[in-house]
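Nothing fancy with the numbering, it's 1 onward along the sequence.
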Amino acid sequence: MKEARDQQHRAGEKSGGIAIGRMTGGAAASGRGARAEDRSERTTRPATRGDGPAPVPHRAPGEGSVVVGELGGGAVAAGEQAAALDASREPLPVPPALLAAVRDLRGQLPLLARAEGDGVDEVEGELADLEEEATRTGRADRSRLERLRSLLTGGATVAAGLASALAVVQAISQLLA
């Protein structure tokens, strides 16, 4: 495909641009040497927008141009050497059971005997951050949940032995499934 475009450019031919009716994620790039990459993690379906199909231009845009009728997510770049990257992450809704389990575990951590390098401080920090984010927004970043689950299942902390830690791990695992 790149060879064909390069041959068109050398021959003076125009390859045209990109016309998109509705874009709800991903990446699009148009132009000589343009690059598009999508590394996003979609955890929910995008909300339906508009009533029916989004309008698409009748004529394709010129070389190196992008026309989007409706953009609900993603990245668009146009022009020579343009680059588009969509690496967004959708936060997950935190169910009340997970928030309750986080609070229970946070309440039990002060009861543990502490030793340097026992991982309890790291778990405590992650729990505090998760509780704050979930209380404020009702959601949590997938990577935060994965990190906390890893801390509690990796055997690197005495906190993992608590029953409330198991409840947190189970709630996170259900949410990430």
Side-chain angles (χ1 to χ4, degrees), residues 18 20-29 34-56 66 68-77 83-177:
I18 300 172
I20 300 170
R22 179 175 289 126
M23 185 169 170
T24 59
R35 296 174 316 282
E37 182 179 350
D38 177 6
R39 290 188 281 142
S40 64
E41 180 177 319
R42 289 174 183 79
T43 57
T44 59
R45 297 187 89 165
T48 304
R49 301 199 185 269
D51 297 310
V56 179
V66 178
V68 180
E70 187 177 300
L71 180 67
V76 177
L85 170 68
D86 177 8
S88 61
R89 298 172 72 96
E90 178 75 25
L92 299 169
V94 175
L98 174 56
L99 194 52
V102 165
R103 289 178 176 146
D104 287 346
L105 180 53
R106 285 192 71 202
Q108 290 181 352
L109 289 180
L111 304 174
L112 294 175
R114 304 279 181 110
E116 191 171 329
D118 63 6
V120 176
D121 289 340
E122 189 174 2
V123 168
E124 191 170 49
E126 289 294 334
L127 289 168
D129 290 347
L130 174 57
E131 183 176 3
E132 187 278 326
E133 180 181 18
T135 301
R136 185 174 39 83
T137 68
R139 303 178 84 71
D141 186 67
R142 177 178 285 272
S143 61
R144 178 186 308 282
L145 296 168
E146 290 169 343
R147 188 170 45 253
L148 181 57
R149 181 175 63 179
S150 177
L151 283 171
L152 293 173
T153 59
T157 177
V158 296
L162 297 172
S164 55
L166 178 59
V168 170
V169 168
Q170 288 174 337
I172 290 173
S173 295
Q174 287 176 344
L175 184 58
L176 295 178

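Note that CD1 of Ile172 and CD of Glu146 are 9.5 Å apart. Values are rounded to the nearest 0.5 Å. Atoms CD and CG, on Glu132 and Leu127 in that order, are 13.5 Å from each other to the nearest 0.5 Å. Put simply, CD on Glu126 and CG on Leu151 are 6.0 Å apart, with the number rounded to the nearest 0.5 Å. Between the CD atom of Glu133 and the CG atom of Leu145 there is a distance of 8.0 Å, given to the nearest 0.5 Å. A distance of 10.5 Å separates CG of Leu105 from CD of Glu131, quoted to the nearest 0.5 Å.
The 12-atom threshold is not exceeded at CD of Glu122, counting heavy atoms of other residues, nucleotides or ligands nearer than 6.0 Å.
The main-chain N or O of Pro91 is found under 3.5 Å from a side-chain atom of Arg139 such that the two form a donor-acceptor pair.
Across all their heavy atoms, Ala27 and Glu37 have their closest contact at CB-O, 3.1 Å. Across all their heavy atoms, Leu109 and Arg114 have their closest contact at O-NH2, 3.7 Å. Taking all atoms of both residues into account, the shortest heavy-atom contact from Ala36 to Ala29 is CB-N, 3.8 Å. Heavy atoms only, all atoms of each residue included: Val94 and Leu99 are closest at CG1-N, 4.2 Å. When all heavy atoms of Ala159 and Val120 are compared, the closest pair comes out as N-CG2, 4.5 Å. Taking both residues in full, the closest heavy atoms of Leu98 and Val168 are given as CD1-O, 4.0 Å, listed atom of the first, atom of the second, then distance.
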Trace of the side chain to side chain contact (heavy atoms under 4.5 Å, CB included) decision for Leu162 with Leu111: CA-CA 11 Å; Leu162 297 172; Leu111 304 174; over 6 Å; no
Thr135 and Arg103: CA distance, side-chain angles, deciding distance, side chain to side chain contact (heavy atoms under 4.5 Å, CB included) verdict: CA-CA 11 Å; Thr135 301; Arg103 289 178 176 146; 3.3 Å; yes
Leu148/Asp129 under side chain to side chain contact (heavy atoms under 4.5 Å, CB included): CA gap, chis, key distance, verdict: CA-CA 10 Å; Leu148 181 57; Asp129 290 347; over 6 Å; no
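Here the side chains of Leu112 and Asp118 are not in contact, with every heavy-atom distance at 4.5 Å or above. In this structure, Arg106 and Leu130 have side chains that are not in contact, with every pair of non-hydrogen atoms separated by 4.5 Å or more.
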